[in-house]
Amino acid sequence: MDPARISALLRPFLERTLPEVQLQQISTYINLLLRWNARINLTAIRDPDEIVTRHFGESLFLARHLFPEASSTVTATRVLDIGSGAGFPGIPMKIWAPALSLTLIESNHKKAAFLREVIRALTLTDVNVITARAETLISTHPPADIVTLRAVERFSTILPIAASLVAPTGRLALLISSAQLPALATLLPNLRWLCPVPIPQSNSRVLSISVPH
């Protein structure tokens, strides 16, 4: 996909134009996604323009709110992306802030294989793919500075698990529908949240980020 077209489609989600190298990475990623999606179900979205806005736009919107500068200040920041699927929002976050230490949690072996192929093709470093369910990591995986969650099944079950994987000074970042917001207070009564931010070009999607303990 043409990097200039990608840049234009991402404009509503970002406050700056991405560098050419990052646009090229996204282009490579989309080509891989379309090719693999013909064989395994990675995303129901088939239109390349919509893939950019729905998947990359939303993921990069989250990334710029967590890391406004995407600078060296994010070095050693540990990000855990639960239920990565086709890699959103984790891999676009890594493209935005290359110094992140990223772990992708995906229990489906075929999807995990796709994630490893994307990592190889984009020559990303300090990215780990764990083929397991998130609940199996509670006692074995070190707490993360940021835990991300997007469009996962079993929301009420996975949300407390995600919160348990956040370090005491860390943040939980959710890309959810506005209809799910009331559940946050019910499921995680001890967490405080920033005001939810509407996602551009969406009628119901919001970004919700917890405040560190």
Side-chain angles (χ1 to χ4, degrees), residues 1-11 13-14 16-64 66-67 70-72 74-134 137 141 144 146-152 173 175:
M1 189 172 180
D2 178 47
R5 177 63 178 163
I6 295 170
S7 182
L9 290 167
L10 289 176
R11 200 162 293 132
F13 302 90
L14 302 174
R16 62 175 175 86
T17 301
L18 290 177
E20 184 66 27
V21 63
Q22 293 177 339
L23 292 170
Q24 193 57 58
Q25 283 180 309
I26 292 172
S27 176
T28 300
Y29 191 167
I30 291 169
N31 291 340
L32 271 174
L33 178 58
L34 292 171
R35 192 157 69 245
W36 276 66
N37 208 45
R39 305 199 305 271
I40 66 172
N41 184 29
L42 292 167
T43 173
I45 300 171
R46 299 290 195 267
D47 177 64
D49 283 8
E50 197 175 354
I51 286 173
V52 174
T53 56
R54 289 282 297 279
H55 290 320
F56 288 92
E58 188 168 297
S59 299
L60 291 167
F61 185 73
L62 181 153
R64 80 170 177 88
L66 288 174
F67 311 111
S71 66
S72 58
V74 304
T75 301
T77 298
R78 295 161 302 164
V79 175
L80 192 64
D81 183 32
I82 295 177
S84 295
F88 306 105
I91 294 178
M93 288 175 64
K94 178 71 174 179
I95 292 172
W96 171 268
L100 292 177
S101 176
L102 175 64
T103 299
L104 305 170
I105 309 300
E106 175 50 56
S107 61
N108 183 289
H109 286 265
K110 290 181 179 179
K111 291 179 180 178
F114 169 74
L115 295 174
R116 294 186 179 97
E117 176 63 13
V118 173
I119 292 163
R120 185 201 63 76
L122 303 188
T123 63
L124 301 176
T125 58
D126 200 7
V127 183
N128 185 32
V129 179
I130 297 179
T131 311
R133 302 193 77 87
L137 305 177
H141 197 277
I146 292 168
V147 174
T148 57
L149 205 59
R150 175 184 187 255
V152 295
L175 290 163

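- Atoms CG and CG, on L100 and L124 in that order, are 11.0 Å from each other to the nearest 0.5 Å.
- Listed for the E106 side chain is a donor-acceptor partner under 3.5 Å among the backbone atoms of G85.
- Residues F88 and Y29 place their aromatic rings such that the two centres sit under 6.0 Å apart.
- Taken from CD in Q25 to CD1 in I95, the straight-line distance is 5.0 Å, to the nearest 0.5 Å.
- Pairing each heavy atom of A112 with each of V129, the nearest pair is CB-CG1, 4.0 Å.
- Remark: R150 engages H55, E58 in a side chain to side chain donor-acceptor pair (under 3.5 Å) (not counting sequence neighbours).
- Once rounded to the nearest 0.5 Å, the distance linking OG1 of T103 with CD1 of I105 reads 6.0 Å.
- Shown here for S107 and T131, the closest heavy-atom pair between the two residues is O-CG2, 3.6 Å.
- Checked by atom type and distance alone, the side chain of K110 never pairs as donor or acceptor with a backbone atom of R39 at under 3.5 Å.
- Across all non-hydrogen atoms, the minimal contact from P92 to F56 is CG-CD2, 3.9 Å.
- Listed for the S101 side chain is no donor-acceptor partner under 3.5 Å among the backbone atoms of T77.
- Listed by first then second residue, pairs satisfying salt bridge (charged side-chain N to carboxylate O under 4.0 Å, His left out) with a partner in residues 115-129 read E117-R120, not counting sequence neighbours.
- The structure places CD1 of I45 at 10.0 Å from CG of N37, a figure rounded to the nearest 0.5 Å.
- Between the side chain of D81 and the main chain of L104, no donor-acceptor pair closer than 3.5 Å is present.
- In this structure, CD1 in I91 is found 11.5 Å from CD1 in I26, a value given to the nearest 0.5 Å.
- Using a 4.5 Å heavy-atom cutoff, the side chains of S84 and L115 are in contact.
- Contact check for I146 versus L80: no side-chain heavy atoms found under the 4.5 Å cut-off.
- Remark: R35 pairs with no residue by the salt bridge (Lys or Arg N to Asp or Glu O under 4.0 Å) rule, at least two apart or across chains.
- Taking CG of L60 as the start and CG of L10 as the end, the distance is 6.0 Å to the nearest 0.5 Å.
- Annotation: side chain of M93 is not in contact with side chain of L102 (no heavy-atom distance under 4.5 Å).
- In this structure, K94 and L122 have side chains that are not in contact, with every pair of non-hydrogen atoms separated by 4.5 Å or more.
- For R133, the salt bridge (Lys or Arg N to Asp or Glu O under 4.0 Å) criterion is met by E135, not counting sequence neighbours.
- Partners of R11 by side chain to side chain donor-acceptor pair (under 3.5 Å), not counting sequence neighbours: none found.
- Checked by atom type and distance alone, the side chain of T28 pairs as donor or acceptor with a backbone atom of Q24 at under 3.5 Å.
- Residue pairs meeting the ring pair (Phe, Tyr, Trp, His ring centres under 6.0 Å) criterion with at least one partner in residues 35-54, sequence neighbours excluded, are W36-F114.
- The closest donor-acceptor contact from the side chain of W96 to the backbone of S59 lies at 3.5 Å or more, if one exists at all.
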